[in-house]
Amino acid sequence: MSSVNELPPRHLLHHEPPIFELGSPGRSGASLPSLDVPAADPRDDWGSLARAEAPGLPELSEVDVTRHFTRLSRWNYAIDIGMYPLGSCTMKYNPKINEAAARIPGFAGLHVYQPESTLQGALELMWQLERMLCEIVGFPRATLQPAAGAHGELAGLMMIRAAHADRGRHPTKILIPDSAHGTNPASCTLNGFDAVTLPTGADGVLDVDAVRAALSSDTAGIMITNPSTLGVFEENIADIAELVHSVGGFVYMDGANLNALLGKFRPGDAGVDVMHINLHKTFTTPHGGGGPGAGPVAVAAALEPFLPRPTVEKRGDRFTLEYDRPKSVGRLRSFFGNWGMFVRAYTYIRELGGEGLTRATELAVLNANYLRARLEHEYPVACTRRSMHEVVFSDKRLKKETGVQTLDIAKRLIDHGYHPPTVYFPLIVPGALMIEPTETESPETLDQFADALLAIAEEARRDPERVKSAPHSTGLRRLDETRAARKPRLRWRPAGTE
Ligand SMILES: *Cc1c(COP(=O)(O)O)cnc(C)c1O
């Protein structure tokens with residue numbers, strides 16, 4: 001095990017003023033030829049709409065702009081730099097062939113107002129992607145419109161509400177396990193439903209009897225994440241679906257963890273009625289930093305009439321946007337959705353094929369269980385059941401023996417050159433460290449990462465204060481994360497002039 005103290009710092013000092021504080025009036029990155037027509041005053045044409053003064057933009061040379069943004073980019077941790085162990089996020093590598101496909105001029109240069117007859121290739125790609133996703137998850141139809149998983153949840157619940165209303169029913173409650181992602185109850189509230197919390201069973205899976213006890217004629221449906229955020233397969237999902245259907249409710253599956261299921265389990269075959277798919281998680285379109293994502297939603301036949309419009313239809317050998325859908329919940333996204341994500345996901349699915357996708361799932365599960373086997377003796381696992389694509393450790397043992405906690409471990413990992421994992425989620429595991437290596441990491445990378453976590457445990461026993469004061473290799477140490485979010489300081493002041 002290497003000692004982190006000997007590692008060179010991998011992060012640059014965080015001293016870079018905002019671009020508005022750089023440069024000097026009159027500097028420019030462009031060299032335009034001198035004017036060969038009479039100069040015009042924009043106010044002659046535009047009157048008061050034209051600005052009298054310069055807009056106050058920063059004035060810099062090309063080299064200063066390039067260096068500013070390149071320096072900033074080097075502060076960032078990125079999937080192209082190293083492993084990104086964030087659990088629940090499926091931060092897998094984004095293959096560069098996806099980018100090449102998305103940049104094909106015929107795709108990249110499309111205009112949203114082009115006539116349909118000139119969009120045939122784009123519509124065909126959307127139509128094909130919908131078919132491929134539906135085959136993977138076992139549903140007849142899907143919409144590609146939602147811009148992310150949470151937006152997909154909104155779409156799915158809108159369809160559930162519309163389907164109930166179509167039958168003259170107005171149930172108000174959605175059952176949600178206590179291990180759910182925060183977006184699930186938020187989507188319920190946005191849709192005017194009340195979220196009813198279901199306790200996770202002692203063995204980490206949803207208990208059929210607990211669901212039965214919570215059901216009533218006021219149950220609109222249930223939202224189940226499968227595998228759950230504990231990284232465990234909800235093996236009772238088919239029985240639960242039958243129960244929920246028996247009171248007229250619908251089953252929504254949060255498909256953010258689909259990376260664990262490709263080629264192994266099709267939610268549509270288990271009685272699920274509607275699910276979202278995060279293309280930016282399972283299908284290698286880039287994410288982080290707020291998007292763009294894409295959260296297609298697949299539906300069973302009962303919900304098909306309520307799909308957002310327009311849908312993409314094939315008529316003969318032509319592809320067309322269908323707006324005439326009287327029961328549709330309406331449009332959820334301007335134009336076509338995050339189109340570039342569709343090209344990337346389509347490319348990935350075509351590149352791997354069914355066998356490749358199945359293998360990706362097998363390796364994702366293997367990698368998570370490999371880390372579990374290497375780390376479990378220092379970092380107890382929250383759930384004794386076999387892990388799927390991610391594993392939830394806890395700080396229970398180290399905290400008791402050394403006082404070192406999850407946040408300290410996460411910060412010390414930065415010194416070892418890794419992005420910290422997801423911490424303190426799911427909420428039902430005290431001191432959770434949620435790790436999802438994904439299938440794209442090699443055994444060597446997994447070993448290095450496990451070594452770093454074991455080195456931190458060893459250091460916690462030898463020198464706990466060193467771990468508690470991490471990170472040591474960054475320009476800034478422990479930030480007040482709440483204040484940084486609520487009261488961001490956007491002007492740069494040199495260190496020591498607070
Ligand atoms: C990521 C995630 C979501 C939300 O998806 P976004 O694409 O980030 O909106 C919902 N549920 C679970 C379990 C997730 O991991």
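Whatever order the structure lists ligands and atoms in, that order sets their numbers, starting from 1. Numbers for residues simply follow the sequence, beginning at 1. Hydrogens, waters and symmetry mates are skipped; everything else that's a heavy atom, side chains included, is used.
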Test ring pair (Phe, Tyr, Trp, His ring centres under 6.0 Å) applied to Y113 and F335, step by step | CA-CA 9 Å; Y113 282 125; F335 305 113; 5.2 Å; yes
Apply the test side-chain contact (heavy atoms from CB on, under 4.5 Å) to residues T285 and N94: give CA-CA distance (whole Å), side-chain angles for both, the deciding distance (0.1 Å), then the verdict.
-> CA-CA 6 Å; T285 72; N94 313 126; 6.0 Å; no
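K327 meets the side chain to side chain donor-acceptor pair (under 3.5 Å) test with D166; sequence neighbours excluded. When the side chain to side chain donor-acceptor pair (under 3.5 Å) test is applied to E481, the partners found at least two apart in sequence or on another chain are K411.
Applying the side chain to side chain donor-acceptor pair (under 3.5 Å) test to every pair with at least one member in residues 256-279, sequence neighbours left out, gives these pairs: K92-N259, H245-D273, Y252-H276, D254-H276, N257-H389, N259-E439, K264-E362, R266-D269, H276-N278.
Enumerated by chain and number, the residues approaching ligand 1 to less than 4.0 Å through a heavy atom are S88, A148, G149, A150, E153, H181, T183, T225, D254, A256, N278, H280, K281.
Screening I224, D239, L215 against V244 for a side chain to side chain contact (heavy atoms under 4.5 Å, CB included) leaves a single residue, L215.
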